[in-house]
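Counting begins at 1 with the first residue of the sequence.
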Amino acid sequence: MTADGRLLRGDRTRTAVLDRALLLATTDGLEGLSLGQLAEALGISKSGLFAHWRSKESLQLAVIDHARRQWIEEVIQPALAAPRGVRRLWRVHRLRLAFYEAGRLPGGCFFANANFEFNVRPGAVRDRLGAQLADWMAFLTGLAAEAVAAGDLRPEADPTATAYLIESLGVCAVMQAPVLGPDVYQHARDALLAHLRSLATDPTTLTELT
């Protein structure tokens, strides 16, 4: 077996390759990602990668799915450990911003970047990104609806509008941070905390560290 074959053998190594591809995609763009670029970054032959991803598009789709798994592990699953209701909604926002602040991805947010990049490019990649965005917005809307149903937020609180606000604050913060500095993350936290408290049946339920 060649060195390339040993490198690419098994799920663990495939994950390592996709980790690197995800990092490169956030700085060079998902369209700029190529098997040749990835092989060069990893110091292996392009043919070794070609055995796993037969085309640039298949690699792009794999990176999207890998980013989704990372998002679930780093943001969604920890948020679901919070009590159902407004505290869970607040926690997902805090975890999302913390993920950005930690610099886990050098280009900020994979999904924000990729959605801007592929919004006007029909095809399988845009469709996969669109499905991910729809699922994410449905998740946020569902959390907001649960907070209303639990009595944490007043009945007039609109779950769809709340989800849109959360998404807007997150995207705005991660896009502005490289230019305006990390203080924008605190602004995004403060803005949502104030909004949720204005809608909460008991504003004391929420603190900055809830």
Hydrophobic clusters here meaning ILVMFWY residues chained together by side-chain heavy-atom distances under 4.5 Å, can you tell me if [X] and [Y] are in one?
X: Y164; Y: F111; result: no
X: W90; Y: W136; result: yes
X: L133; Y: V174; result: yes

Inset, instruction - Go through the steps for H187 and L180 under the test side chain to side chain contact (heavy atoms under 4.5 Å, CB included), then give the verdict. - result: CA-CA 11 Å; H187 298 331; L180 301 182; over 6 Å; no
Inset, instruction - Look at D152 together with R87 and state whether they make a salt bridge at an N to O cut-off of under 4.0 Å. - result: no
Legend entry - R96 and Y100: side chain donor to acceptor below 3.5 Å: yes
Inset, instruction - To the nearest 0.5 angstrom, please state how far the CG atom of L23 sits from the CZ atom of F110. - result: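 The CG atom of L23 sits 11.0 Å away from the CZ atom of F110.
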Inset, instruction - Indicate the atoms forming the closest heavy-atom contact of L196 with L153, along with that distance. - result: O-CD2, 3.9 Å
Inset, instruction - Evaluate side chain to side chain contact (heavy atoms under 4.5 Å, CB included) for R94 paired with L192, printing each intermediate quantity in order. - result: CA-CA 10 Å; R94 287 185 56 239; L192 185 64; over 6 Å; no
Legend entry - Main-chain N/O of L80 paired to R88 side chain as donor or acceptor, under 3.5 Å: yes
Legend entry - A138 backbone acceptor or donor facing T141 side chain under 3.5 Å: no
Legend entry - 4.5 Å side-chain heavy-atom contact, E117 and L129: no
Inset, instruction - Would you check if V17 and W53 make a side-chain contact, meaning some heavy-atom pair closer than 4.5 Å? - result: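 Counting from C-beta outward, V17 and W53 do come under 4.5 Å.
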Inset, instruction - Please test L95 against E74 for side chain to side chain contact (heavy atoms under 4.5 Å, CB included), starting from the C-alpha separation and ending with a verdict. - result: CA-CA 8 Å; L95 286 167; E74 299 280 349; over 6 Å; no
Legend entry - Derivation and outcome, side chain to side chain contact (heavy atoms under 4.5 Å, CB included), residues V120 and R126: CA-CA 8 Å; V120 295; R126 189 181 73 169; 5.6 Å; no
